[in-house]
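Quick notes on the structure that follows.
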Amino acid sequence: MISQTHLLMNTRRDFIKKSITLGAVACAIPELGRAVVAEAAPVESTPKPVLVAVRDGSRSAMLDRALTELGGLQAFLKPGQSVVIKPNIGWNVTPERGGDTHPELVAHLVKLCLAAGAKTVNVFDYTCNPWRDCYTNSGIEDAVKAAGGTMMPGNDKTYYREVEIPNGKVLKKARVHQLVLDSDVFFNVPVLKHHSGSLMTASMKNLMGVIWDRSFYHRADLHQCIADFVTFKRPTLNILDAYHPMFRNGPRGLTVEDLVEKRMLFACTDIVAIDAAAARVLDHDPADIRHIAMAAQHNVGIMDLSKVDVRRVKLA
């Protein structure tokens with residue numbers, strides 16, 4: 001028989017072993033706990049897109065500040081790259097009429113691109129009025145040439161190549177200007193204004209000027225086609241001229257009385273977010289501009305500005 005003394009010794013020995021084991025586990029628990037917490041920590045969400053809204057400066061000064069807020073032009077352009085700039089030059093009107101992007105803004109962007117080491121800087125639009133008149137009377141051609149850029153025409157079908165739009169609901173293919181297809185960097189520089197057909201012209205609507213058969217948009221579904229194209233091609237950066245947006249009689253306007261001086265400029269990589277902000281300037285709910293809502297449904301950008309890092313800057 002095992003003596004009572006032997007049992008007590010075994011019990012004591014087992015107790016010591018268990019105590020040592022439990023002590024080791026206890027020491028390990030804090031490290032284990034940290035490991036578990038680290039593994040269970042939520043994955044960081046995608047950073048909010050940055051939308052810069054600058055006001056009360058010249059167009060050049062506002063562009064400079066917007067680019068600074070976005071990390072500088074070098075965040076979008078590397079030395080040796082080719083650049084295409086797409087303003088709105090659709091109408092044969094002078095700058096004070098507000099039908100086209102202002103030449104000061106376009107020229108300043110050209111200068112900045114060349115100073116940053118761009119290999120080429122080409123500017124074009126497929127105009128609504130005769131292209132020579134639009135290029136000349138908008139003031140953009142002379143301003144671009146003086147800044148060192150090159151004006152390219154958009155009025156010839158041979159400049160365009162057919163592409164598939166795989167995610168388009170209505171727009172399944174389109175002939176797109178070769179500069180947009182081949183350039184390394186694509187800057188979209190529209191002017192903000194009322195439009196009788198789409199309620200508003202801003203960043204997405206401006207891209208109709210890179211398409212050859214834009215009459216298809218009007219024959220099919222204008223808003224859906226505008227949204228569909230963005231699933232294929234989104235600009236590197238959108239820069240919106242909202243200095244004196246046109247509030248009525250767009251897109252061409254009748255007189256300077258159609259304009260309201262806001263002295264604003266927007267810049268954003270998210271084409272949906274910038275157009276949502278633009279809609280607010282024209283006193284629209286972004287959801288009421290069908291192509292904005294449709295593009296958001298395509299998941300190509302964010303319409304809800306509460307989910308955007310909006311940086312408001314006042315220069316004066």
Task: Other ILVMFWY residues reachable from W91 by side-chain steps of under 4.5 Å - done: V93

Open item on the list: Hydrophobic cluster membership, with links at side-chain heavy-atom distances under 4.5 Å among I/L/V/M/F/W/Y: are V191 and I239 in one?
Closed with: no

Open item on the list: Could you tell me if the side chain of Y135 sits less than 4.5 Å from the side chain of T127, heavy atoms only?
Closed with: yes

Task: L207 side, atom CG; Y126 side, atom OH - distance, nearest 0.5 Å - done: 16.0 Å

Open item on the list: So, taking the atom named CD1 in I271 and the one named CG in N238, what distance separates them when rounded to the nearest 0.5 Å?
Closed with: 4.5 Å

Open item on the list: Minimum heavy-atom separation for L315 and G57, please, with both atom names.
Closed with: CD1-CA, 4.0 Å

- [ ] Start with the C-alpha distance between F266 and V52, add both sets of side-chain angles, then the distance that settles side chain to side chain contact (heavy atoms under 4.5 Å, CB included), and finish with yes or no.
- [x] CA-CA 6 Å; F266 296 89; V52 184; over 6 Å; no

TODO: Determine whether Q224 and M294 make a side-chain contact, defined as any pair of heavy atoms from C-beta on separated by less than 4.5 Å.
DONE: yes

- [ ] Go through the side-chain N and O atoms of D275 and S203 and say whether any donor and acceptor fall under 3.5 Å apart.
- [x] yes

Task: Check: R252 and N129 side chains under 4.5 Å, non-hydrogen atoms - done: yes

Task: Step-by-step side chain to side chain contact (heavy atoms under 4.5 Å, CB included) determination, K157 to R175 - done: CA-CA 8 Å; K157 190 175 181 179; R175 296 187 70 90; 3.7 Å; yes

Task: Common cluster, L181/I85, ILVMFWY with side-chain heavy-atom separation under 4.5 Å - done: yes

Open item on the list: F124 and side-chain contact (heavy atoms from CB on, under 4.5 Å): which single residue from V210, I89, V144, T150 fits?
Closed with: V210

Open item on the list: What I'd like to find out is whether the side chain of N155 reaches to under 4.5 Å of the side chain of R132, using heavy atoms alone.
Closed with: no

Open item on the list: Does any part of the side chain of I289, heavy atoms only, come nearer than 4.5 Å to the side chain of S198, both counted from C-beta?
Closed with: no

TODO: Calculate, to the nearest 0.5 Å, the distance between atoms CE and SG belonging to M208 and C128 respectively.
DONE: 8.0 Å

Task: Closest non-hydrogen atom pair, V308 against A273 - done: CG2-CB, 4.0 Å

- [ ] Check the surroundings of atom NZ in K172: do more than 12 heavy atoms from other residues, nucleotides or ligands lie under 6.0 Å from it?
- [x] yes

Task: Check: V50 and C268 side chains under 4.5 Å, non-hydrogen atoms - done: no

TODO: For residues F247 and L282, determine if any side-chain heavy atom of one lies less than 4.5 Å from a side-chain heavy atom of the other.
DONE: yes

Task: Contacts of type ring-ring contact (aromatic ring centres under 6.0 Å, His included), residue F76, not counting sequence neighbours - done: none

TODO: Using distance alone, with no hydrogens and no angle criterion, decide if R219 and S215 have a side-chain donor and acceptor under 3.5 Å apart.
DONE: yes

Task: Residue pair G209 / R214: nearest heavy atoms and the distance that separates them - done: CA-NH1, 4.1 Å

Open item on the list: Side-chain heavy atoms nearer than 4.5 Å, only ILVMFWY residues, links allowed to pass through others: does that put M151 and L112 together?
Closed with: yes

Task: For the student: nearest non-hydrogen atoms of A267 and A66, plus distance - done: CB-CB, 3.9 Å

TODO: Please confirm whether the backbone N or O of P286 pairs with a side-chain atom of H284, one donor and one acceptor, at under 3.5 Å?
DONE: no

Task: side chain to side chain contact (heavy atoms under 4.5 Å, CB included) evaluation trace for L51 with V310 - done: CA-CA 5 Å; L51 168 64; V310 181; 4.2 Å; yes

TODO: Please answer whether the main-chain N or O of V300 pairs with a side-chain N or O of R234 as donor and acceptor at a distance below 3.5 Å.
DONE: yes

TODO: Treating Ile, Leu, Val, Met, Phe, Trp and Tyr as nodes and any side-chain heavy-atom pair under 4.5 angstrom as an edge, say whether V260 and M264 lie in one connected cluster.
DONE: yes

Task: Considering all heavy atoms, the nearest K193-G98 contact - done: CD-O, 4.2 Å

TODO: Could you pull out all residues at least two apart from N92 that satisfy side chain to side chain donor-acceptor pair (under 3.5 Å)?
DONE: N137

Open item on the list: Using salt bridge (Lys or Arg N to Asp or Glu O under 4.0 Å), reason through R161 and D182 one step at a time and then give a plain yes or no.
Closed with: CA-CA 11 Å; R161 298 203 304 269; D182 297 338; 2.9 Å; yes

TODO: Would you indicate whether K233, at its atom NZ, is surrounded by more than 12 heavy atoms from other residues, nucleotides or ligands within a distance under 6.0 Å?
DONE: yes

Task: Heavy-atom closest pair, residues T231 and G168 - done: OG1-N, 4.1 Å

Open item on the list: Hydrogens and angles aside, do H194 and D258 bring a side-chain donor and acceptor to less than 3.5 Å of each other?
Closed with: no

TODO: For D304 and S306, test the side chains for any donor-to-acceptor distance below 3.5 angstrom and give the result as yes or no.
DONE: yes

- [ ] Measure from the side-chain N and O atoms of R59 to the backbone N and O of Y243, and report whether any donor-acceptor pair falls under 3.5 Å.
- [x] no

- [ ] State, with a plain yes or no, whether a side-chain heavy atom of P245 is found less than 4.5 Å away from one of V281.
- [x] yes

Open item on the list: Could you go through E257 and T255, starting from their C-alpha distance and side-chain angles, then the distance that decides it, and tell me whether this counts as side chain to side chain donor-acceptor pair (under 3.5 Å)?
Closed with: CA-CA 5 Å; E257 300 301 319; T255 70; 5.4 Å; no

Open item on the list: Using 0.5 Å steps for rounding, measure from the CG atom of L192 to the OG1 atom of T101.
Closed with: 10.5 Å

Open item on the list: Once you measure the plane-to-plane angle for F229 and F232, does it fall in the parallel (<30°), tilted (30-60°) or perpendicular (>60°) bin?
Closed with: tilted

Task: For L63, the option from V189, D241, V54, L105 that meets side-chain contact (heavy atoms from CB on, under 4.5 Å) - done: L105

Open item on the list: Tell me whether R263 contacts the main-chain N or O of R55 through its side chain, where contact means a donor paired with an acceptor under 3.5 Å.
Closed with: no

Task: Listed partners of Q178 passing side chain to side chain donor-acceptor pair (under 3.5 Å), at least two apart - done: none

Open item on the list: Looking at S58 and A61, would you say the former's side chain and the latter's main chain have a donor-acceptor pair under 3.5 Å?
Closed with: yes

- [ ] Measure the CG-NE2 distance between D228 and H298 for me, rounded to the nearest 0.5 Å.
- [x] 4.0 Å

Open item on the list: List the residues meeting ring-ring contact (aromatic ring centres under 6.0 Å, His included) with H223, not counting sequence neighbours, and say none if there are none.
Closed with: H291

TODO: Among residues two or more places apart or on two chains, list those pairs meeting side-chain hydrogen bond (donor to acceptor under 3.5 Å, both in side chains) that have a residue in residues 75-86.
DONE: S82-D184, K86-D125, K86-N206

Open item on the list: Using ring centroids (six-membered ring only for Trp), state whether H177 and Y159 fall under 6.0 Å.
Closed with: yes

Task: Carboxylate-amine/guanidinium proximity below 4.0 Å for D270 and K307 - done: no

- [ ] Evaluate the side chain to side chain contact (heavy atoms under 4.5 Å, CB included) criterion for residues D64 and E69: first the C-alpha distance (whole Å), next the side-chain angles of each, then the deciding distance (0.1 Å), finally the verdict.
- [x] CA-CA 9 Å; D64 287 341; E69 291 290 329; over 6 Å; no

TODO: Working to the nearest 0.5 Å, report the span between SG of C134 and CG of N88.
DONE: 9.5 Å

Open item on the list: Is there a continuous path of hydrophobic side-chain contacts, each under 4.5 Å between heavy atoms, that joins L73 to M62?
Closed with: yes

